[in-house]
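Keep in mind the model is a prediction, meaning the values are calculated, not measured. We name chains A, B, ... by the order of the sequence lines, and we start the count at 1 in each one.
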Amino acid sequence: MSEQDSVQEHDENQLITLRREKLAAIREQGVAFPNDFKPENNAADLEAAYGDKDKEWLAENPARVRVAGRIMLKRVMGKASFITISDSTGRLQLYVQLAALGEELYESFKGWDSGDIIGASGVMFKTNKGELSVKLDELRLLTKSLRPLPEKFHGLTDHEQRYRQRYLDLIMSDETRATFKMRSKIVAYIRNYFMQRDFMEVETPMLQVIPGGATARPFETHHNALDIDMYLRIAPELYLKRLVVGGFDRVFEINRNFRNEGLSTRHNPEFTMIEFYQAYATYHDLMDTTEELFRGLANDVYGNTTVEYQGLTFDFDKPFVRMTMKESIMHYNKDIEAADLETEYRARLVAEKLGVHLKESFGLGKIITELFDEIVEENLNDPTFITEYPAEVSPLARRSDSDPFVTDRFEFFIGGREIGNGFSELNDAEDQAERFHKQVAEKDGGDDEAMHFDEDYIHALEYGMPPTAGEGIGIDRLVMLFTDAASIRDVILFPHMKPQA
RNA sequence: GGGGCGUUAGCUCAGUCGGUAGAGCAGUUGACUUUUAAUCAAUUGGUCGAGCGUUCGAAUCGCUCACGCCCCA
């Protein structure tokens with residue numbers, strides 16, 4: 001038995017068998033899957049055009065329309081019926097009468113099922129209860145649906161099934177459709193924002209020989225013809241900066257990164273980021289840009305600068321909080337004083353007291369960052385920039401002129417989660433080479449998230465990169481904020497799931 | 001990695017003390033020309049996530065596993 005046979009046999013039930021029989025009968029009668037019907041109207045436009053007209057007006061001004069969609073509800077009342085169809089813009093009620101369609105078609109229609117896709121034309125009218133509807137004089141079955149839809153009132157509630165069979169979730173749930181329409185608008189807004197500011201959109205390699213630009217475990221793959229191992233990119237950063245070296249002063253890329261880590265409500269192995277780079281700018285400029293971008297998104301896409309997220313409220317109208325990493329640690333733990341963060345010895349004592357787990361190899365910079373992750377991050381509800389990240393955890397960022405221990409870097413938090421990361425770029429090729437060497441040493445020491453030495457990138461920097469600032473923003477987490485989604489899986493059309501048994 | 005909860009008809013869910021499977025929707029048949037989760041009557045439909053065990057007997061109790069959700073690391 002072939003795999004297909006066994007799958008089908010296992011999967012068939014009475015309902016599907018009957019629908020297959022209905023389809024077989026339709027095949028007998030001619031073209032079962034016609035493709036010559038062209039709708040000219042959709043539910044949303046009709047509602048906008050005629051929703052506020054009354055019954056009399058519609059009777060006196062007959063409007064002919066032509067629509068297509070999927071049957072969601074069907075109410076047969078003897079010689080007349082109502083069906084509710086769904087198209088890409090919304091729902092619409094159609095009135096189907098035996099007298100208007102004839103005995104033969106009406107009898108066939110009574111055998112059609114929810115889920116079937118139909119085309120129809122007729123005139124607009126309003127029912128006695130005031131619902132805008134179409135009184136049909138033409139009705140065609142365009143696609144027979146073989147599988148029964150979920151229950152019409154509750155829809156599909158099982159999260160697992162909604163993620164695994166997103167098409168079904170989209171058929172059944174207006175909220176799901178709205179979420180992904182919002183996602184599309186957000187991406188379009190961001191793209192437009194940068195285009196209008198003279199940024200150029202580019203595409204850089206997703207298949208890389210040296211995975212760089214972030215500290216993360218990559219996915220490994222193999223190029224057969226070249227017989228070399230390759231990696232799916234963990235970030236586009238180093239390629240985008242090569243473009244700045246090349247003279248493209250403002251570039252951005254919106255695309256997927258891949259990180260070989262676990263699945264959770266906050267992590268999908270492939271996720272979407274925008275990274276943008278601007279020559280002759282600093283991280284201070286980017287913080288201003290970020291504030292402006294988010295305020296615009298809230299206003300223009302979300303429709304309000306006050307955003308509700310999972311019971312929290314964020315006001316994007318207020319100036320965003322800005323504080324240094326050390327300040328934030330002291331702010332959220334009053335027992336810690338500045339001197340505790342000056343030496344590795346004292347910082348380790350503090351971490352130990354707070355139960356923060358540290359590796360032997362951690363230097364002061366990593367210890368401070370670890371303290372920040374443990375006691376500060378989750379508290380950063382209001383939009384907040386944290387600045388002065390230690391150089392030890394920022395191998396691609398420019399050192400601060402006033403304190404070489406830290407970099408000209410910020411991360412951006414909303415709702416206790418990191419949304420973005422930006423810095424003045426390290427354009428000192430010699431410093432960059434040293435930092436890569438340190439990363440390689442850590443890699444050799446067993447840290448499989450540490451960076452490789454990218455010789456060609458150093459080469460590029462040696463030709464000279466103008467002073468530049470760059471930033472990455474996680475699109476998925478951003479969409480979560482504006483759609484009030486609890487899980488990253490709610491904002492990714494096809495999130496990764498463990499294979500089923 | 002650890003803990004808790006869940007998995008029963010296509011979908012949404014019940015299932016008592018362990019006694020052999022239930023409802024609503026969907027489907028089928030019939031009635032019904034302004035319904036809207038249409039209504040009314042009748043009716044079909046089950047690998048109770050998988051496996052092992054306890055028992056005269058397991059959806060139910062125990063163990064293992066799979067997948068999902070939540071919490072913790």
Task: Whichever of A:Ser133 and A:Lys498 has its nearest RNA chain B nucleotide further upstream toward 5' - done: A:Ser133
Open item on the list: Classify A:Met497 by what it touches in the nucleic acid, base, sugar-phosphate, or nothing, heavy-atom distance under 4.0 Å.
Closed with: sugar-phosphate
- [ ] For B:C48 and B:G22, measure between their C1' atoms and round to the nearest Å.
- [x] 12 Å
Task: Candidates B:U33, B:C69, B:U36 - which lies nearest the side chain of A:Arg75 - done: B:U36
TODO: Mind checking ring-ring contact (aromatic ring centres under 6.0 Å, His included) for A:Phe125 and listing every partner two or more places apart, or none if nothing turns up?
DONE: A:Tyr95
TODO: For the residue pair A:Phe294 and A:Phe412, categorise the inter-ring angle as parallel (less than 30°), tilted (30 to 60°) or perpendicular (more than 60°).
DONE: perpendicular
Task: Option passing side chain to side chain donor-acceptor pair (under 3.5 Å) with A:His496 (candidates A:His267, A:Glu270, A:Arg489) - done: A:Glu270
- [ ] Quick one: list whatever passes salt bridge (charged side-chain N to carboxylate O under 4.0 Å, His left out) with A:Arg19, sequence neighbours left out.
- [x] A:Asp113
Protein-nucleotides 40-43 of chain B N/O pairs closer than 3.5 Å?
none

- [ ] Please check the phosphate of B:G10 (OP1 and OP2 only) for any side-chain N or O of A:Thr17 closer than 4.0 Å.
- [x] no
- [ ] Would you indicate which nucleotide in B:U12, B:C32, B:G68 comes nearest to any side-chain atom of A:Val76?
- [x] B:C32
Open item on the list: Can you check the distance between B:G1 and B:C65, where both ends of the measurement are the P atom (answer in whole Å)?
Closed with: 12 Å
Open item on the list: Restricting to non-hydrogen atoms, name the atom on A:Ala485 and the atom on A:Tyr309 that form the minimum distance, rounded to 0.1 Å.
Closed with: O-OH, 2.7 Å
Open item on the list: From C-beta outward on A:Thr265, which listed nucleotide comes closest to its side chain: B:U34, B:C70, B:U36?
Closed with: B:C70
TODO: Pick the C1' atom in B:G46 and in B:U7, then give their distance to the nearest Å.
DONE: 15 Å
TODO: Could you check A:Leu73 against A:Lys79 and say which one's nearest nucleotide on RNA chain B is further toward the 5' end?
DONE: A:Lys79
Task: Lys/Arg N to Asp/Glu carboxylate O, A:Arg346 vs A:Glu342, below 4.0 Å - done: no
Tabulate atom names and distances for all N/O pairs under 3.5 angstrom spanning the protein and nucleotides 21-28 of chain B.
unit_1, atom_1, unit_2, atom_2, d
B:C25, O3', A:Lys152, NZ, 3.2
B:A26, OP1, A:Lys152, NZ, 2.5
B:U28, OP1, A:Lys22, NZ, 2.8

TODO: Tell me, yes or no, whether the heavy-atom count around A:Lys366 atom NZ, taken from other residues, nucleotides or ligands under 6.0 Å, exceeds 12.
DONE: yes
Task: Secondary-structure stems, RNA chain B, at least 3 Watson-Crick or G-U base pairs under 3.5 Å - done: B:1-7 with B:66-72, B:10-13 with B:22-25, B:27-31 with B:39-43, B:49-53 with B:61-65
- [ ] Using the C1' atom as the reference point in each nucleotide, state the distance between B:C17 and B:A58 in Å, no decimals.
- [x] 14 Å
Task: Partners passing side-chain contact (heavy atoms from CB on, under 4.5 Å) against A:Thr215 (at least two apart in sequence or in another chain) - done: A:Gln439, A:Met451
Task: B:C69 to B:G27 separation - C1' atoms, rounded to the nearest Å - done: 31 Å
Open item on the list: For the C1' atoms, the ones on B:C71 and on B:C11, what distance do you get once it is rounded to whole angstrom?
Closed with: 30 Å
TODO: Report yes or no: does A:Asn41 contribute a side-chain atom to a donor-acceptor pair with the main-chain N or O of A:Arg66 at less than 3.5 Å?
DONE: yes
